[in-house]
Number of protein chains: 2
Amino acid sequence: MHEEIKDMLKKNNLSITGSREKILGLFLNQEGALAHGDIEKKAGEKFDRVTVYRTLQIFVEKGIIHTIPTADNSIRYALCKDNCSEGHHHDQHIHFQCTNCHNTYCLDDIVTPDIKLPKGYVSSHIEVVVEGTCKNCKSPVA
Amino acid sequence: MHEEIKDMLKKNNLSITGSREKILGLFLNQEGALAHGDIEKKAGEKFDRVTVYRTLQIFVEKGIIHTIPTADNSIRYALCKDNCSEGHHHDQHIHFQCTNCHNTYCLDDIVTPDIKLPKGYVSSHIEVVVEGTCKNCKSPVA
DNA sequence: ACAAAAAAAGCAACAATGTTGCAAAATAAT
DNA sequence: ATTATTTTGCAACATTGTTGCTTTTTTTGT
């Protein structure tokens, strides 16, 4: 596990430091996505706020994590799959945000649908965020 | 036009004040969506920052405007169509964000697609944001 | 049109979030 | 092991968002 982290950093030409190992570890041990605030809380006592910002920024640049848009002013980040690389995110999966537990999940098996746009519009990337109740919060009603 | 604004406020049981008229006017004269910062710049010299926050908040509550999620930590707002009402937004259209001019548009005629979710997930609302080049920025290449 | 009641605006103070430059420390390269 | 490079932490600052309270504006009822 710990070797896996180091390997990922090496593969991306990143030097191996405590904060990068720690933060990448958080993502690997986490099913859902993490907001900046979550990371600060979980790792933050040991690291400066600025370091967390810079680490997330470089992870996004390197294609290790990707951002998930939200309407609540707190970008969430999640691990990319192998097909992402520096400067080229190739995520075509959708995201799911649970209105109960407020976790955000990547549904890696659900591909974004094709969308027919009006004349003149050209699509380069599609983001789909589904809100609702996740499998862990499913109400046991019926 | 000015009467239209007053009517909209009255219809939503909002008292008619300078800031509400001004901010609602901005949305009516605007094709795309507006971020909080845009509104502060365009209307802000006359109004307190707090007033802008509270005005946007109450417009969302009343179903006059809706939010559009982004991955850049700046929620955007756009006018709702008539089918929205207090506490019940019924937007099923998609949003388009131009990577060139950075405007965000509601594509009111494009309905969000159905998405098949994994077992256990229940959808209550779907957000689709398409990135690309808008009709105004379309490159005249071909 | 006026007075009383209700609602909104403005102000101040504060909290949280994000950014920048630079010196010290850690990591990588030779 | 020493040097060069990169990263960290710190401090200071800028921006964004929030809260309580007083004053002003708008609405309501007469």
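Quick note on labels: first sequence line is chain A, next is B, and so on, each numbered from 1. Computation of the quantities below employed the complete heavy-atom set of this structure, encompassing side-chain atoms and omitting hydrogens, waters and symmetry-equivalent molecules.
- In the hydrophobic clustering of this structure, B:Val129 does not group with B:Ile110; members are Ile, Leu, Val, Met, Phe, Trp, Tyr whose side-chain heavy atoms approach within less than 4.5 Å, directly or through other members.
- Annotation: side chain of A:Gln97 is in contact with side chain of A:Arg76 (closest heavy-atom distance under 4.5 Å).
- As a whole-Å value, the separation of B:Asn13 CG from C:dA6 C1' is 14 Å.
- C:dT20 atom P lies 15 Å from atom CG of A:Asp48, rounded to whole Å.
- Five base pairs at each end of the helix from C:dA1-D:dT30 to C:dT30-D:dA1 define two local axes, and these are offset by 40° (rounded to 10°).
- Identified under the salt bridge (charged side-chain N to carboxylate O under 4.0 Å, His left out) test for residues 100-113 of chain A, with sequence neighbours left out: A:Lys81-A:Asp108.
- In this view, B:His36 and B:Tyr53 satisfy the ring-ring contact (aromatic ring centres under 6.0 Å, His included) rule, not counting sequence neighbours.
- For A:Asp48, the side-chain contact (heavy atoms from CB on, under 4.5 Å) partners are A:Val50, A:Thr51, not counting sequence neighbours.
- Nearer to the 5' terminus of DNA chain D, by closest-nucleotide assignment, is the contact made by A:Ile58 (compared with the other of A:Val50 and A:Ile58).
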Between the protein and nucleotides 1-3 of chain C, which nitrogen or oxygen pairs come in under 3.5 angstrom?
none

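- In the hydrophobic clustering (ILVMFWY side chains linked at under 4.5 Å, chained through shared members), A:Val111 stands by itself.
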Donor-acceptor list for residues 114-122 of chain B side chains, cut-off 3.5 Å, not counting sequence neighbours:
unit_1   : atom_1 : unit_2   : atom_2 : d
B:Tyr121 : OH     : A:Lys135 : NZ     : 3.4

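- Taking 4.5 Å as the limit, every side-chain heavy atom of B:Ile94 sits out of range of all side-chain heavy atoms of A:Ile126.
- Residue pairs satisfying the ring-ring contact (aromatic ring centres under 6.0 Å, His included) criterion with at least one member in residues 5-33 of chain B, sequence neighbours excluded, are absent.
- For A:Ile75, the side-chain contact (heavy atoms from CB on, under 4.5 Å) partners are A:Thr67, A:Tyr77, B:Asn73, not counting sequence neighbours.
- Put simply, NZ on A:Lys46 is 10 Å from P on D:dG9, counting in whole angstrom units.
- Looking at residues two or more places apart in sequence or on another chain, you find a side-chain contact (heavy atoms from CB on, under 4.5 Å) between A:Lys6 and A:His2, A:Glu3, A:Ile16, A:Glu21.
- In this structure the side chain of A:Phe47 never reaches within 4.5 angstrom of the side chain of A:Thr17, judged on heavy atoms.
- Contacts of A:Lys10 with the nucleic acid, taken as non-hydrogen atoms under 4.0 Å apart, are absent.
- Straight-line distance from the NZ atom of A:Lys22 to the C1' atom of D:dT8: 17 Å, rounded to whole Å.
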Determine, step by step, whether A:Ile23 and A:Ile39 satisfy the side chain to side chain contact (heavy atoms under 4.5 Å, CB included) criterion, reporting the C-alpha distance in whole Å, the side-chain angles of both residues, the deciding distance to 0.1 Å, and the verdict. CA-CA 7 Å; A:Ile23 293 176; A:Ile39 295 161; 4.2 Å; yes
Show each protein N/O and nucleotides 21-30 of chain D N/O combination with a separation under 3.5 Å, one pair to a line.
unit_1 : atom_1 : unit_2  : atom_2 : d
D:dT27 : OP1    : B:Ile16 : N      : 2.8

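- Between the CG atom of B:Leu9 and the P atom of C:dA8 there is a distance of 11 Å, rounded to whole Å.
- A donor-acceptor pair under 3.5 Å is formed between the side chain of B:Arg20 and the backbone N or O of B:Ser15.
- Remark: C1' of D:dT8 and CD of A:Gln57 are 15 Å apart, rounded to the nearest angstrom.
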Protein-nucleotides 15-17 of chain D N/O pairs under 3.5 Å:
unit_1 : atom_1 : unit_2  : atom_2 : d
D:dG17 : OP1    : A:Asn73 : ND2    : 2.6
D:dG17 : OP2    : B:Tyr53 : OH     : 2.7
D:dG17 : O5'    : B:Tyr53 : OH     : 3.2
D:dG17 : N7     : B:Arg49 : NH1    : 3.2
D:dG17 : N7     : B:Arg49 : NH2    : 3.0
D:dG17 : O6     : B:Arg49 : NH2    : 3.0

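- A straight line from CG of A:Asn12 to P of D:dT6 spans 16 Å, rounded to a whole angstrom.
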